[in-house]
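What you see is a predicted model, and the numbers here were worked out from it, not measured in a lab. Heavy-atom basis, side chains included; hydrogens, waters and symmetry copies ignored.
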Amino acid sequence: MSSVLLEIKNHIGIVTINKPNVLNALSTEVLTDLDKVVTELEKNNDLYAVIITGAGEKSFVAGADIAEMKDKNPKESAEYAKFAHGIFTRIENLHCPVIAAVNGFALGGGCELALACDIRIASNKARFAQPEVGLGITPGFGGTQRLPRIIGTARAKELIYTCRHVKADEALSIGLVTAITEPEKLMEEAMKLAELICAQAPIAVKNAKTAINKGIQVPIEESLGIETEYFSACFATEDQKMAMTAFVNKEKNEGFKNK
């Protein structure tokens, strides 16, 4: 799977879209390999965080493969979108947090891949955009749905309607990313964030992610019930007993067992 690389470091999975010669465009080949990598991530319950990035200095993912896409008919384009939706939704619902380390262009499908991640951090050279309407189509890999949920409806509409590129500093100001850094420090900062997540109780982090993802889709009355479900489930874990006992006894918690 040379177009998508997977490296495991301790409890952290590092996924690299590895087509820098075409700015890591999401061809069917790349999406197929990404699908396989996500399957590997889903199977690995010893992963506590995942980082997704792009190979090379220029691009995270510069979008879908336009040359491949341009001659599709409506039926073929729907199947193409559904394939990408399935992969991105599985990333969104992965059992551990996923960090997008955006090192350059995150355009179209690349922006949509980043949106499927829990957290986005960016190089100060990163550029985000949904340029699809300039090509006669709409965003098709989740952009019309996830972007408004993350930055608000009005801002999302403005960016989608105009195809305007967003630089890293603006992306930070509108909440599209949570941090920006020098390009050479991007993966270091992503690893620091992943390690900080890994230092917490994995089941609690997983439950918090699930509660957020489920709860944000429904009215607050229903979402509080979802929170209660995942909050109370933590009290059946060894990690909760150990951590709270250590806290009450003013002792150092020696680490979590993911049990």
Working to the nearest 0.5 angstrom, can you tell me the gap between [X] [atom1] and [Y] [atom2]?
X	Y	atom1	atom2	value
Thr16	Ile51	OG1	CD1	9.0 Å
Asn93	Thr210	CG	OG1	7.5 Å
Ser232	Asn207	OG	CG	9.0 Å
Asn253	Thr245	CG	OG1	10.0 Å
Gln130	Cys111	CD	SG	4.0 Å
Ile14	Ile8	CD1	CD1	8.0 Å

Inset, instruction - Would you tell me whether Ser3 and Asn18 have side-chain atoms, one donor and one acceptor, within less than 3.5 Å of each other? - result: no

Legend entry - Distance-only side-chain donor-acceptor flag, Glu182 / Asn124, under 3.5 Å: yes

Evaluate whether atom [atom1] of [X] has more than 12 neighbouring non-hydrogen atoms of other residues, nucleotides or ligands under 6.0 angstrom away.
X	atom1	value
Glu227	CD	no
Glu229	CD	yes
Asn10	CG	no
Tyr161	OH	no

Taking [X] for its side chain and [Y] for its backbone only, find out whether a donor-acceptor pair lies under 3.5 Å.
X	Y	value
His85	Gly140	yes
Thr89	Gly86	no
Arg120	Val102	no
Gln145	Gly142	no
Asn249	Glu251	no
Lys209	Leu94	yes
Asn24	Ala55	yes
Asp35	Leu31	no
His11	Asp46	yes
Asn213	Glu92	yes

Inset, instruction - Just jot down the salt bridge (Lys or Arg N to Asp or Glu O under 4.0 Å) partners of Glu29, sequence neighbours excluded, or say none. - result: Lys19

Student check: side-chain heavy atoms of [X] and [Y] closer than 4.5 Å:
X	Y	result
Val133	Thr162	no
Lys241	Glu238	no
Ile160	Pro139	yes
Ile203	Val205	no
Lys214	Ile226	yes
Val15	Leu5	no
Leu23	Lys58	yes

Looking at every heavy atom in both [X] and [Y], which two are closest together, and how far apart are they?
X	Y	answer
His95	Asn45	NE2-CA, 3.9 Å
Val50	Cys96	CG2-SG, 3.8 Å
Val38	Ile87	CG2-CG2, 4.2 Å
Pro183	Lys125	CG-CD, 3.9 Å
Ser59	Asn103	O-ND2, 3.3 Å
Asp65	Tyr80	N-OH, 4.0 Å

Inset, instruction - Walk me through it: do Leu113 and Phe141 pass the test side chain to side chain contact (heavy atoms under 4.5 Å, CB included)? - result: CA-CA 8 Å; Leu113 174 58; Phe141 290 3; over 6 Å; no

Legend entry - CA sep, side-chain torsions, deciding dist, call: Tyr48, Asn258, side chain to side chain contact (heavy atoms under 4.5 Å, CB included): CA-CA 9 Å; Tyr48 300 165; Asn258 195 23; 3.4 Å; yes

Legend entry - For Glu170, the option from Arg155, Arg164, Arg127 that meets salt bridge (Lys or Arg N to Asp or Glu O under 4.0 Å): Arg164

If hydrophobic clusters are built from ILVMFWY residues whose side chains come within less than 4.5 Å, do [X] and [Y] share one?
X	Y	answer
Leu147	Val177	yes
Ile52	Val30	yes
Leu107	Ile121	no
Phe105	Leu172	no
Ile91	Phe128	yes

Could you tell me whether [X] and [Y] make a salt bridge, using a distance below 4.0 angstrom between a side-chain N and a carboxylate O?
X	Y	result
Asp239	Lys259	no
Arg146	Glu112	no
Lys75	Glu79	yes

Would you give me the side-chain donor-acceptor pairs under 3.5 Å for residues 187-197, sequence neighbours excluded?
none

Inset, instruction - Let me see the working for Lys9 and Glu7 under side chain to side chain contact (heavy atoms under 4.5 Å, CB included), right down to the final yes or no. - result: CA-CA 7 Å; Lys9 288 186 177 180; Glu7 181 182 7; 3.0 Å; yes

Inset, instruction - Just jot down the ring-ring contact (aromatic ring centres under 6.0 Å, His included) partners of Tyr230, sequence neighbours excluded, or say none. - result: none

